[in-house]
Amino acid sequence: QAQLVESGGGVVQAGGSLRLSCVASGLAFERYTMGWFRQAPGQEREFVGASSWGDGTSFYSDLVRGRFVISRDNARNMVDLQMKELRPEDTAVYYCAATHFPAVTLAANYAFWGQGTPVTVSS
């Protein structure tokens, strides 16, 4: 059974940086696109970015492009989300997710999800 476990969330001041990690088990990691989503209180879950299976190409939402970077390590079944220049509006619970599809941004297309890790950016 596939399992995704996120870590690294916490409280950081605006302008600061934070690195989230996701470790996967129970799936052929190298064959999955690994995505990051976030959900703020009272808001819908939104796409942050993803790393496609195969060539590992990363793509991002307009809200985070240039500030967030995704990296994956297929040998360790891990995908990281490096976040910098954090803003209060980045405050949310961040989720790691996995899908067989390449280059998808819709949450409904992701089959497996982690439990989420909270990030709070104070002003």
Side-chain angles (χ1 to χ4, degrees):
Q1 184 175 353
Q3 186 175 16
L4 306 178
V5 179
E6 304 97 333
S7 62
V11 180
V12 62
Q13 287 190 331
S17 300
L18 207 58
R19 188 179 190 93
L20 306 182
S21 294
C22 172
V23 179
S25 60
L27 53 78
F29 184 82
E30 68 278 5
R31 298 179 184 176
Y32 282 81
T33 292
M34 299 302 298
W36 285 95
F37 290 78
R38 67 187 183 186
Q39 187 166 19
Q43 304 293 319
E44 292 190 356
R45 193 168 298 189
E46 66 176 5
F47 175 77
V48 173
S51 172
S52 286
W53 64 268
D55 62 4
T57 301
S58 296
F59 50 102
Y60 305 91
S61 78
D62 290 341
L63 294 173
V64 307
R65 188 177 296 112
R67 300 187 298 123
F68 291 10
V69 175
I70 293 173
S71 59
R72 67 186 292 162
D73 184 341
N74 288 341
R76 299 171 64 193
N77 286 8
M78 288 183 62
V79 59
D80 288 351
L81 178 67
Q82 177 67 51
M83 306 183 292
K84 66 177 183 180
E85 301 174 16
L86 283 162
R87 307 165 181 169
E89 54 265 39
D90 293 319
T91 295
V93 177
Y94 283 71
Y95 297 90
C96 173
T99 178
H100 267 307
F101 299 104
V104 292
T105 63
L106 291 177
N109 287 326
Y110 284 77
F112 303 110
W113 292 83
Q115 81 289 349
T117 186
V119 172
T120 301
V121 183
S122 60
S123 57

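Excluded from the calculations below are hydrogen atoms, water molecules and symmetry mates; all remaining heavy atoms, backbone and side chain alike, are included. As the structure is a prediction and not an experimental result, all values here were calculated from the model.
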Sequence neighbours left out, cut at 3.5 Å: what donor-acceptor pairs do the side chains of residues 9-27 make with other protein atoms?
| unit_1 | atom_1 | unit_2 | atom_2 | d |
| --- | --- | --- | --- | --- |
| Arg19 | NE | Asp80 | OD2 | 3.1 |
| Arg19 | NH1 | Gln82 | OE1 | 2.7 |
| Arg19 | NH2 | Asp80 | OD2 | 3.2 |
| Ser21 | OG | Asp80 | OD1 | 2.9 |

Let me have the donor-acceptor pairs involving side chains of residues 100-114, under 3.5 Å, with sequence neighbours excluded, atom names and distances please.
| unit_1 | atom_1 | unit_2 | atom_2 | d |
| --- | --- | --- | --- | --- |
| His100 | NE2 | Tyr32 | OH | 3.1 |
| Tyr110 | OH | Val104 | O | 2.8 |
| Trp113 | NE1 | Tyr110 | O | 3.2 |

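To the nearest 0.5 Å, atom OG of residue Ser58 and atom CG of residue Leu81 are 10.0 Å apart.
Cation-pi check for Arg72 over Phe29 is met; the charged atom lies under 6.0 angstrom from the ring centroid and within 45 degrees of its normal.
Considering only residues two or more places apart in sequence or on other chains, Arg31 meets the side-chain contact (heavy atoms from CB on, under 4.5 Å) condition with Ala28.
With Thr117 contributing its side chain and Tyr94 its backbone, the two residues share no donor-acceptor pair below 3.5 Å. Looking at Tyr60, its side chain does come within 3.5 Å of a backbone N or O of Ile70 through a donor-acceptor pair. A donor-acceptor pair under 3.5 Å is formed between the side chain of Glu6 and the backbone N or O of Cys96.
Residues Pro88 and Thr91 come closest through the heavy atom pair O-OG1, 2.9 Å.
Linking Ile, Leu, Val, Met, Phe, Trp and Tyr whenever their side-chain heavy atoms come within less than 4.5 Å leaves Phe59 and Trp53 in two separate clusters. Hydrophobic clustering of Ile, Leu, Val, Met, Phe, Trp and Tyr side chains at less than 4.5 Å, counting indirect connections, keeps Val93 apart from Met34. Placement of Val79 and Leu4 within a single hydrophobic cluster is found when ILVMFWY residues are connected by side-chain heavy-atom separations under 4.5 Å, directly or transitively. Linking ILVMFWY residues whenever their side-chain heavy atoms come closer than 4.5 Å, directly or via other members, leaves Val119 and Tyr95 in distinct clusters.
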### Task
Decide yes or no on side chain to side chain contact (heavy atoms under 4.5 Å, CB included) for Arg38 and Leu63, but give the supporting numbers first.
CA-CA 12 Å; Arg38 67 187 183 186; Leu63 294 173; 3.9 Å; yes
### Query
Should Val64 and Trp36 be marked as a side chain to side chain contact (heavy atoms under 4.5 Å, CB included) after you check the CA-CA gap, both sets of side-chain angles, and the distance that decides it?
CA-CA 11 Å; Val64 307; Trp36 285 95; over 6 Å; no
### Task
Apply the test side chain to side chain contact (heavy atoms under 4.5 Å, CB included) to residues Met83 and Val48: give CA-CA distance (whole Å), side-chain angles for both, the deciding distance (0.1 Å), then the verdict.
CA-CA 11 Å; Met83 306 183 292; Val48 173; over 6 Å; no
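Salt-bridge check for Arg65 with Asp62: passed, with a basic side-chain N closer than 4.0 Å to an acidic carboxylate O.
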